[in-house]
S.K.: 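Have a look at this one before I ask anything.
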Amino acid sequence: MKNSEIPSDESVRNKKSAALTRNRKTCGIFSFSFAIIGIICLIGSVVCIVLTEVGERSETTKNLLYILSGSLLGGTLIIESVAVLFSRLMQSAHKKELDYRERCDSENSFFVGKGTLATFGADSVTVHAEQGGEKQIVIPYSEMRFFSVCTRRRPREKGEWSVVMEIPVKYLSKEEAPQGKFAYVQTDAKERLYRCLEERGLPLLGEERQTDAKKKFRKIQKFPFRNATAKKRFLIQLAVGIALAGAGTGVAFWQVTFGAILVVFGAFVIGRAVNGYLGKKCELSFYDEGIFWKDENPADNVFLKWEEIQSVSPEEQKGVSLIKVNCAYGSFFFLNREGILEYIKENHSEKCAENNL
């Protein structure tokens, strides 16, 4: 990312920051607008197909409807592609905006939360609000550790790199915290952050960047978890969708347009139900390279390499059987079922927490 020059005048800095914010919001508005237009075009395409099959139509009219349907479908693909493009532009604009706001505070400042910055000083990190204020937390480097972490949402080498800071809880808690308890805060990995750590002689622990980012991982074993609640919800949505589609077909004999809309909406509900059912399945998979937790929400997917896993142990929380995966920068909890712990003990006994497996 090319760094923008930071104006010395505060009013000019604020204007530039506002301009970057407007740019990000504009890209977001365009992305959302094109997405909606694409959905409308898709619905129009389906309606045209339905109209060709319902009621008396001349061959010329049917041909025109087919042409219109195809044109709307083609328009949908183009418009949705534009929506994706603006979505990526929005993400890029957001990163540029955040980087600029960080550097307006200091070249050695980095966001560690919404509106919260960590500024690297000579011998300590100061955590403070972006807008200033009296409350500041100063943590000496001697009591901190820094980890290079790659967050992977899929079982592959490529992921999002970040730097995780280990901070004693006593600096963040209002109440007296026990010794040996740590909190972990994450910030985006940037070249100026790496330089900042190197200039202060602060070791960066954890995973090193790999050159072979396209390497594919091979699945060896999997343990699926089916959500009973999701299955029930799927059946309800499926029944509603079928009812709407059936009602729309009947209504179309009297009111073609309204009936076609009901059919399209019913088909949408059916598709959403099937897609939701297929996606609402958790799975814990094992690879030569590590463990992959596939969650119902893709944003919560986690792939952990064996190198970063220190130990694995069983745990129970609120009556739910879990496995606890300990890494140097924190712990992860995944659902447990028969066979998982036995598999780990058999194939990766060195990762088994002593006396736990």
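Side-chain atoms are counted along with the backbone in the values below, which use heavy atoms only and exclude waters and symmetry mates.
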S.K.: Please enumerate all residues that pass side-chain hydrogen bond (donor to acceptor under 3.5 Å, both in side chains) together with Glu316, with sequence neighbours excluded.
M.R.: none

S.K.: In residues 73-91, what donor-acceptor pairs under 3.5 Å come from side-chain atoms, sequence neighbours left out?
M.R.:
unit_1	atom_1	unit_2	atom_2	d
Thr76	OG1	Leu42	N	3.2
Thr76	OG1	Leu72	O	2.8
Ser81	OG	Leu77	O	2.8

S.K.: For a salt bridge (charged side-chain N to carboxylate O under 4.0 Å, His left out) check, start with the C-alpha distance between Asp99 and Arg192, then their side-chain angles and the critical distance, and finish with the verdict.
M.R.: CA-CA 11 Å; Asp99 186 73; Arg192 60 186 178 90; 3.1 Å; yes

S.K.: Filter on side chain to side chain donor-acceptor pair (under 3.5 Å), then keep only pairs touching residues 42-51, sequence neighbours left out; what's left?
M.R.: Ser45-Ser69

S.K.: Is it the case that more than 12 heavy atoms not belonging to Glu198 sit under 6.0 Å from its CD atom?
M.R.: no

S.K.: Return the set of residues passing side chain to side chain contact (heavy atoms under 4.5 Å, CB included) with Lys222 (not counting sequence neighbours), or none when no residue passes.
M.R.: Lys219, Glu283, Ser285

S.K.: If you group Ile, Leu, Val, Met, Phe, Trp and Tyr whenever their side-chain heavy atoms sit less than 4.5 Å apart, what else falls in with Ile36?
M.R.: Phe32, Ile40

S.K.: Using the ring centroid of each side chain, check whether Phe217 and Phe303 are separated by less than 6.0 Å.
M.R.: yes

S.K.: Please walk me through it: do Lys16 and Glu97 pass salt bridge (charged side-chain N to carboxylate O under 4.0 Å, His left out)?
M.R.: CA-CA 9 Å; Lys16 189 167 184 178; Glu97 176 193 354; over 6 Å; no

S.K.: Should we say atom CD of Glu315 is surrounded by more than 12 heavy atoms from elsewhere, each under 6.0 Å from it?
M.R.: yes

S.K.: Residues in side-chain hydrogen bond (donor to acceptor under 3.5 Å, both in side chains) with Asn336, at least two apart?
M.R.: Ser321

S.K.: Apply side-chain hydrogen bond (donor to acceptor under 3.5 Å, both in side chains) to Arg152 and list each qualifying residue two or more places apart in sequence or on a separate chain.
M.R.: Glu157, Glu207

S.K.: Could you work out, with side-chain hydrogen bond (donor to acceptor under 3.5 Å, both in side chains) as the rule, every residue matching Ser33, not counting sequence neighbours?
M.R.: none

S.K.: Could you go through residues 111-127 and list every donor-acceptor pair under 3.5 Å that involves a side-chain atom there, pairing it with any protein atom two or more places apart or in another chain?
M.R.:
unit_1	atom_1	unit_2	atom_2	d
Thr119	OG1	Asp105	OD2	3.3
Thr119	OG1	Ser109	OG	2.7
Thr119	OG1	His128	NE2	2.8

S.K.: ring-ring contact (aromatic ring centres under 6.0 Å, His included): which pairs involve residues 315-342, sequence neighbours left out?
M.R.: Trp293-Phe334

S.K.: Can you sort out the partners of Ser311 under side chain to side chain contact (heavy atoms under 4.5 Å, CB included), two or more places apart, ordered by chain and number?
M.R.: Asn326, Ala353

S.K.: Looking at residues at least two apart in the chain, or sitting in another chain, which of them share a side chain to side chain contact (heavy atoms under 4.5 Å, CB included) with Glu338?
M.R.: none

